[in-house]
Amino acid sequence: MKKLMVSILMIMVVLSGCSVKKDNIDKVVENPKEDAEESHGPFIESEIKDIKILKDSVVLSADISMGPINTKYYFHAYQNGVPIEFSFDKDGDKRITQEITLTKEKNSYTFYMNARSFKKGDTVNFGYGVVVNPDYFPEIIEFTRFDIMKSNVSAICRDFNVDKDFIGNQSDKKILDNLEWTDMKVTDDKNIISSYALDTNEKILEQVVRNEPVNNLMVMHAKKGKLFKIFFVKDGLDANAIITFYIDHKPVMIKGDYVAGKLDYTNETFGMTSFELEIPQDVKEGNHTFYAMIFTNSNNRKHYENTEPRVLEVE
């Protein structure tokens, strides 16, 4: 899969390295919003304002301007790359996915998060994800690609050096950390191959990392009630990363009651591994959106990146 130079109209703020003290807040805005509006594409401007540690939750406040309005949006909250339950009201129903239909562009949001336990002095990464128009689905053709001008998946995060202990109100979520990797003995010297890719066919991924012509955006297939096996490749960069999988923009579990996997492959070449995913019982037969979200946790940069959305047919 070649890297495409596209004009992404999702304007994100990359926020990093701060404490819980409000006076350390900074803001970076990339590209003017007017460009997005002229192209009639989705856009986001976002600023994490503050974090507070309450008795039973961690509260993150953010100002988010986004469009288009009168459109459905999904929200997620993350702790160290793992989705956690949250609500927008202190006493609201906390869920992994919250849905909002925008009526205005500029809004302030408060995320009341069911955080996992941490201790004073720890560095904890919190963030949130936004899905624009989650109901969008592309036309099924031989070469099926999701249109970023109609729907977008994105997330931002920030480190917080916490100043007191917190006892979480949910048990720690299991992360699969003993993945078996196959060294594909291919490097990307020309920087033309995507850092991450997935498919149900490992042969296709072998062609992808060798930059050979291949239709790697065909419809994938899974059977309801059975495990769904997905192959995944990554380059040797960003060895300390977490991966989560999504069907219709909602997280799915990995076999063994794992919510995420640790991408600890460190070689300079591409490596391949596989996951067996559990298709949720409420997923109906038919076509669905499928992708993975990767949280990179390196010293120099912490950010989220999603794989190319794919069509998954559940039979």
Report task. Rounded to the nearest 0.5 Å, what's the gap from CD on Gln98 to OH on Tyr74? Could you check? Result -> 11.0 Å
Query raised in the report: Can you name the nearest heavy-atom pair linking Trp181 to Lys234, along with the distance?
Result: CH2-CD, 3.6 Å
Requested in this report: State whether the number of non-hydrogen atoms from other residues, nucleotides or ligands found under 6.0 Å of Met253 atom CE is greater than 12.
Outcome: yes
Report task. For Val153 and Tyr246, run side-chain contact (heavy atoms from CB on, under 4.5 Å): C-alpha distance rounded to whole Å, both residues' side-chain angles, the deciding distance at 0.1 Å, then the answer. Result -> CA-CA 11 Å; Val153 179; Tyr246 295 78; over 6 Å; no
Pairs under 3.5 angstrom only: tabulate donor-acceptor contacts from the side chains of residues 219-231 to other protein residues two or more places apart or in another chain.
from   : atom 1 : to     : atom 2 : distance (Å)
His221 : ND1    : Glu313 : OE1    : 2.9
His221 : ND1    : Glu315 : OE2    : 3.4
Lys224 : NZ     : Gln281 : O      : 2.8
Lys224 : NZ     : Val283 : O      : 2.3

Query raised in the report: So, do Val130 and Met66 sit near enough that their side-chain heavy atoms are less than 4.5 Å apart?
Result: yes
Report summary line: In this structure, CG of Asn216 is separated from OG of Ser194 (nearest 0.5 Å) by 9.5 Å
Query raised in the report: Between atom OH of Tyr265 and atom OG1 of Thr182, what is the distance when rounded to the nearest 0.5 Å?
Result: 9.0 Å
Query raised in the report: For Ile279 and Ile247, what are the C-alpha separation, side-chain angles and deciding distance, and is it a side-chain contact (heavy atoms from CB on, under 4.5 Å)?
Result: CA-CA 8 Å; Ile279 304 295; Ile247 294 179; 3.8 Å; yes
Report task. Mind telling me whether Phe118 and Phe126 have parallel, tilted or perpendicular rings, with 30° and 60° as the class edges? Result -> perpendicular
Query raised in the report: Asn107 and side chain to side chain contact (heavy atoms under 4.5 Å, CB included): which partner among Leu102, Asp63, Ile100?
Result: Leu102
Report task. Report yes if the side chains of Asp235 and Asp188 come closer than 4.5 Å at any heavy-atom pair, otherwise no. Result -> no
Query raised in the report: Who pairs with Arg95 by salt bridge (Lys or Arg N to Asp or Glu O under 4.0 Å), at least two apart in sequence or on another chain?
Result: Asp93
Report task. Please list all pairs passing the salt bridge (Lys or Arg N to Asp or Glu O under 4.0 Å) test where one or both residues lie in residues 246-261, with sequence neighbours left out. Result -> Lys255-Glu276
Query raised in the report: Should Met113 and Gln79 count as side-chain neighbours, where that means a heavy-atom distance under 4.5 Å?
Result: no
Query raised in the report: Between atom CD1 of Ile64 and atom CD1 of Ile48, what is the distance when rounded to the nearest 0.5 Å?
Result: 8.5 Å
Query raised in the report: So do the side chains of Cys157 and Tyr78 get within less than 4.5 Å of each other, counting heavy atoms only?
Result: no
**Report entry** Minimum heavy-atom distance Pro68-Pro42, with the two atoms named
**Finding:** CD-CA, 4.1 Å
**Report entry** Shortest non-hydrogen contact from Leu205 toward Leu198
**Finding:** CD2-C, 3.8 Å
Query raised in the report: Is Met218 reachable from Val233 through a run of hydrophobic residues whose side-chain heavy atoms are each under 4.5 Å from the next?
Result: no
**Report entry** Pairs flagged by salt bridge (Lys or Arg N to Asp or Glu O under 4.0 Å) wherever residues 117-135 is involved - sequence neighbours left out
**Finding:** Lys72-Asp135
Report task. Given side-chain contact (heavy atoms from CB on, under 4.5 Å), test Ile156 with Tyr128 step by step and report yes or no. Result -> CA-CA 6 Å; Ile156 69 168; Tyr128 52 87; 3.4 Å; yes
Requested in this report: Please name the residue in the list His249, Glu308, Arg310 that meets the side-chain hydrogen bond (donor to acceptor under 3.5 Å, both in side chains) test with Tyr291.
Outcome: His249
Query raised in the report: Taking the side chain from Lys164 and the backbone from Ile53, do they hold a donor-acceptor pair closer than 3.5 Å?
Result: yes
Query raised in the report: How far apart are the closest heavy atoms of Thr244 and Pro83, and which atoms are they?
Result: CG2-CD, 3.7 Å
Report summary line: Taken in chain and number order and not counting sequence neighbours, the residues that satisfy side-chain hydrogen bond (donor to acceptor under 3.5 Å, both in side chains) with Tyr112 are none
Query - Check: Ser117 side chain, Gly168 main-chain N or O, donor-acceptor pair, under 3.5 Å - result: yes
Requested in this report: Kindly work out whether a path of hydrophobic side-chain contacts (I/L/V/M/F/W/Y, heavy atoms less than 4.5 Å apart) joins Ile96 to Met293.
Outcome: no
Report task. Keeping the roles fixed (side chain from Asp89, backbone from Asp91), state whether a donor-acceptor pair exists under 3.5 Å. Result -> no
**Report entry** For Val209 against Val186, the heavy-atom pair lying closest together
**Finding:** O-CG1, 3.1 Å
Report task. Find out if a path of hydrophobic residues (ILVMFWY) with successive side-chain heavy-atom gaps under 4.5 Å connects Ile141 to Leu312. Result -> no
Query raised in the report: Which value, rounded to the nearest 0.5 Å, describes the distance between Glu45 atom CD and Ser65 atom OG?
Result: 5.5 Å
Query raised in the report: Side chains of Val252 and Pro280: does their closest heavy-atom pair fall under 4.5 Å?
Result: yes
Requested in this report: Please work out whether the ring planes of Phe146 and Phe137 are parallel, tilted or perpendicular, with thresholds of 30° and 60°.
Outcome: perpendicular
Query raised in the report: Counting heavy atoms not belonging to Glu212, are there more than 12 under 6.0 Å from its CD?
Result: yes
Query - Common cluster, Val208/Val311, ILVMFWY with side-chain heavy-atom separation under 4.5 Å - result: no
Query - Value rounded to 0.5 Å, distance of CZ in Arg116 from CD1 in Ile167 - result: 13.5 Å
Report task. Spell out, as yes or no, whether a donor-acceptor pair under 3.5 Å connects the side chain of Ser151 to the backbone of Asn133. Result -> yes
**Report entry** side chain to side chain donor-acceptor pair (under 3.5 Å) assessment of Thr187 paired with Asp189
**Finding:** CA-CA 6 Å; Thr187 58; Asp189 297 329; 3.2 Å; yes
Query raised in the report: Hey, what's the ring geometry for Phe111 with Phe86, parallel, tilted or perpendicular (30° and 60° as the breaks)?
Result: tilted
Query raised in the report: Quick one: salt bridge (Lys or Arg N to Asp or Glu O under 4.0 Å) pairs with a partner in residues 262-272, sequence neighbours left out?
Result: none
**Report entry** Ring centroid separation Phe245 to Phe275 under 6.0 Å
**Finding:** yes
**Report entry** Ring-ring centroid check Phe75 Tyr109, cutoff 6.0 Å
**Finding:** yes
Query - Worked verdict on Tyr304 versus His76 for ring-ring contact (aromatic ring centres under 6.0 Å, His included) - result: CA-CA 13 Å; Tyr304 285 87; His76 297 109; over 10 Å; no
Query raised in the report: If you take all heavy atoms of Thr289 and Pro309, which pair is closest and at what distance?
Result: CG2-CB, 4.3 Å
Report task. Could you go through the side-chain contact (heavy atoms from CB on, under 4.5 Å) check for Ile193 and Phe270 one step at a time? Result -> CA-CA 10 Å; Ile193 306 173; Phe270 276 85; 3.8 Å; yes
Query raised in the report: Linking I/L/V/M/F/W/Y whenever any side-chain heavy atoms sit under 4.5 Å apart, do Ile243 and Leu277 land together?
Result: yes
Report summary line: Of Asp159, Asn80, Asn125, the one forming a side-chain hydrogen bond (donor to acceptor under 3.5 Å, both in side chains) with Lys302 is Asp159
Query raised in the report: With a distance cut-off below 6.0 Å to the six-membered ring centre and an angular limit of 45° from the axis, does Lys174 pair with Tyr258 as a cation-pi contact?
Result: yes
Query raised in the report: Asp199 side chain to Asn201 main-chain N or O, any donor-acceptor pair under 3.5 Å?
Result: yes
